[in-house]
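Data first, discussion second: the structure below is written as C-alpha cells.
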Amino acid sequence: MSTSIAGGPELPQSRRLVTEIPGPVSRERFARRQRFVAGGVGTTLPVFIEAAGGGVLRDVDGNSLIDLASGIAVTGVGNAAPAVAARVAEQVRAFTHTCFMVTPYDGYVDVCEELARLTPGDHAKKSVLLSSGAEAVENAVKIARAYTGRHAVVVFDHAYHGRTNLTMAMTAKNMPYKQGFGPFAGEVYRAPMSYPFREGAAVDGTDAAERAIDVIDKQVGAANVACVVIEPILGEGGFVVPAKGFLPRLAEWARSNGVVFVADEIQTGFCRTGDWFACDHEGVVPDLITTAKGIAGGLPLAAVTGRAEIMDAVHSGGLGGTYGGNPVACAAALGAIELMRGQDLNAAARRIGELMFGRLRGLAERHPAIGDVRGRGAMVAVELVTADGHTPDPGRAAAVSAYCHAQGVLTLTCGTNGNVLRFLPPLVIAEQLLCEGLDVLADAFAATE
Ligand SMILES: Cc1ncc(COP(=O)(O)O)c(C=O)c1O
C-alpha cells in the first residue's frame, strides 16, 4: 500500500478530527500489521499516516493530528521538507548506492565537512557516517578503545544509547529495552547522573560530577577507562538536564585522565535545544560526538565526529558498513542542514522553548501532579508525581497522553519510571498549532484529575 498524497509544509496546518482516533481505516490496517509485523515492535498511537508536514500528521481516515513528537526528535526541519525532498529526488535520479568503502562520492565528504564545521570546538575533526544512532555509539566506543588501548566504558544512570548488544549494556532501563536479551557486553560501568529534581538544589553540578568521578575512580580506575559516554540532556531517560557545571567538570576530569569524552547528541543535536548541539550551551567540547535523528530530516543517517588524531587511531577498514553514509541519506542531510541554517532553526527552537516553558509552568501551578518542568529549547518535558510531590506517577502520564491522542495531539512519554511526558515538536511548527496542542494538554490534565 503506497500513497501519492503530498505532505510537506503545504499540508493544511490545522488539527481536524473526522473520526474517532484511531479511525476505522487505521484499525483495519493495524489488524494487518498485527498479522505480519513482529510483536516486539511497539506502537505509541495506532494511526496509519499517509502524509505529514510542518506540525501536522494526516492519517488514512482523513484526520489531521498535531505532531509534538517529530518521529522521536527526527523531523526537526519538518516532514517532507522541500529542501530535503528535492535533494533526495535529485540524488535518487543520479545513483542510489555504491558503498562509500568501495567507490566514494562527494555527498559523504560534504556531510563530514559540515559536521566538522558545526560540532563544538575548532580543532581538526573527522567523521565516519553510519545508519543508526546505536551504530554510531558502538563505533564511538570502538574508536575510543583503539585510541586509548583501554577497555572500560563509563555510562550514567537513566542513560539510553540504543538496542544493539553493546548499547543495551550501556542503556540503563531494563524493560522494555533489555529484558530477556542478555548476556550483555562487558566492561560497561554506570555512574550517578546529576538529576536536579530528584536531588533538590542541595547538589550542585560540580558536586554531582565529583560524586560520579569518585565512583569511577573507586570502582573502575581512571587508568582503565577508554571513554565516558554521556547524553548532555537525557533523552529516553526523562529529559533530565544536569545541573550547571556537571558536564564541564566531567569533561575536564576526562581530559586530565586521558579518557575520551563522548557526547551522545543523537537526540539533542541539530538545533533541538536552541544550539547546534546541547554541549554548546556550557561551552563543553567533547572529544567525540555521536549524531543521528535530526541530521537528515527523516532519512537514516548517523555519525561519529571527533578529534582527527582520535578518529585516525583506527586502522584502515576498521570502520564502516554497507549502508553507512548512503548517498540518498547524505543528500537529505545536506538539504536539512541548509534549511536549519537558512531558517535559523536554533532561534525557532528557542522561541518554542519560551512559549512552552511559560505555558507548562502555568499548568504546573494549577496541577501539583506536575513536579518538574524541564528541558531546553524545543526539547521539553514534565515529570508527573503523586500527591506526595515525589513518587513517580506513570499512570497519570499514560492517562494524559491517551487523552491527547484521542484529541488528535501526538505526545510521547519517557523516563526510567515512565512518568515523564516529553514534547519534541518539529522546529517549523506554526505557533498557533503549538498553542492548540498545549490547550489540549491542559484539557487532558483537567480531565484526568
Ligand atoms: C541519546 C540516544 N542515543 C542513541 C539512540 C539510538 O539511536 P537509534 O534508535 O537510531 O539506534 C537514541 C535513540 O533514541 C538516543 O536518544
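Every number for a ligand or one of its atoms is a count from 1 in the order of the listing. Quick caveat: nothing in here was measured; it's all calculated off a predicted structure.
Looking only at protein heavy atoms, the nearest one to atom 7 (O) of ligand 1 is G133 CA, 3.3 Å. Counting protein heavy atoms only, atom 4 (C) of ligand 1 is closest to H161 O, 3.3 Å. Looking only at protein heavy atoms, the nearest one to atom 16 (O) of ligand 1 is Q267 NE2, 2.8 Å. At the top of the distance list for atom 3 (N) of ligand 1, counting protein heavy atoms only, stands D264 OD2, 2.7 Å.
No option in Q267, K173, H158 other than Q267 meets the side-chain hydrogen bond (donor to acceptor under 3.5 Å, both in side chains) test with E236.
Every atom of ligand 1 with a heavy atom of E236 under 4.0 Å away is listed here by number and element: 14 (O).
Residues V260 and T148 meet the side-chain proximity criterion, which asks for heavy atoms closer than 4.5 Å.
A ring-centre distance under 6.0 Å is not found for F423 and F239. Residues F197 and H390 keep their aromatic ring centres 6.0 Å or farther apart.
In this structure, atom 14 (O) of ligand 1 has protein heavy atoms in its sub-4.0 angstrom surroundings.
Within the structure, ligand 1 has K293 among the residues with a heavy atom less than 4.0 angstrom away. At a 4.0 Å cut-off, not a single heavy atom of I72 sits close enough to ligand 1 to count as contact.
Distances between N or O atoms of E231 and those of ligand 1 include no value under 3.5 Å. Polar contact check, A134 against ligand 1: a nitrogen or oxygen pair lies under 3.5 Å apart. Polar contact check, E135 against ligand 1: no nitrogen or oxygen pair lies under 3.5 Å apart.
Interatomic distance, CE of M340 versus CG of L345, reported as 7.0 Å (0.5 Å rounding).
Between A308 and K126, the closest heavy-atom pair is CB-CG, 4.1 Å.
Between the side chain of N419 and the main chain of L384, a donor-acceptor pair closer than 3.5 Å is present.
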Indicate every side-chain donor-acceptor pair of residues 348-361 with a distance under 3.5 Å to a residue at least two apart or in another chain.
residue, atom, partner, partner atom, Å
R350, NH1, G274, O, 2.4
R359, NH2, D439, OD1, 2.6

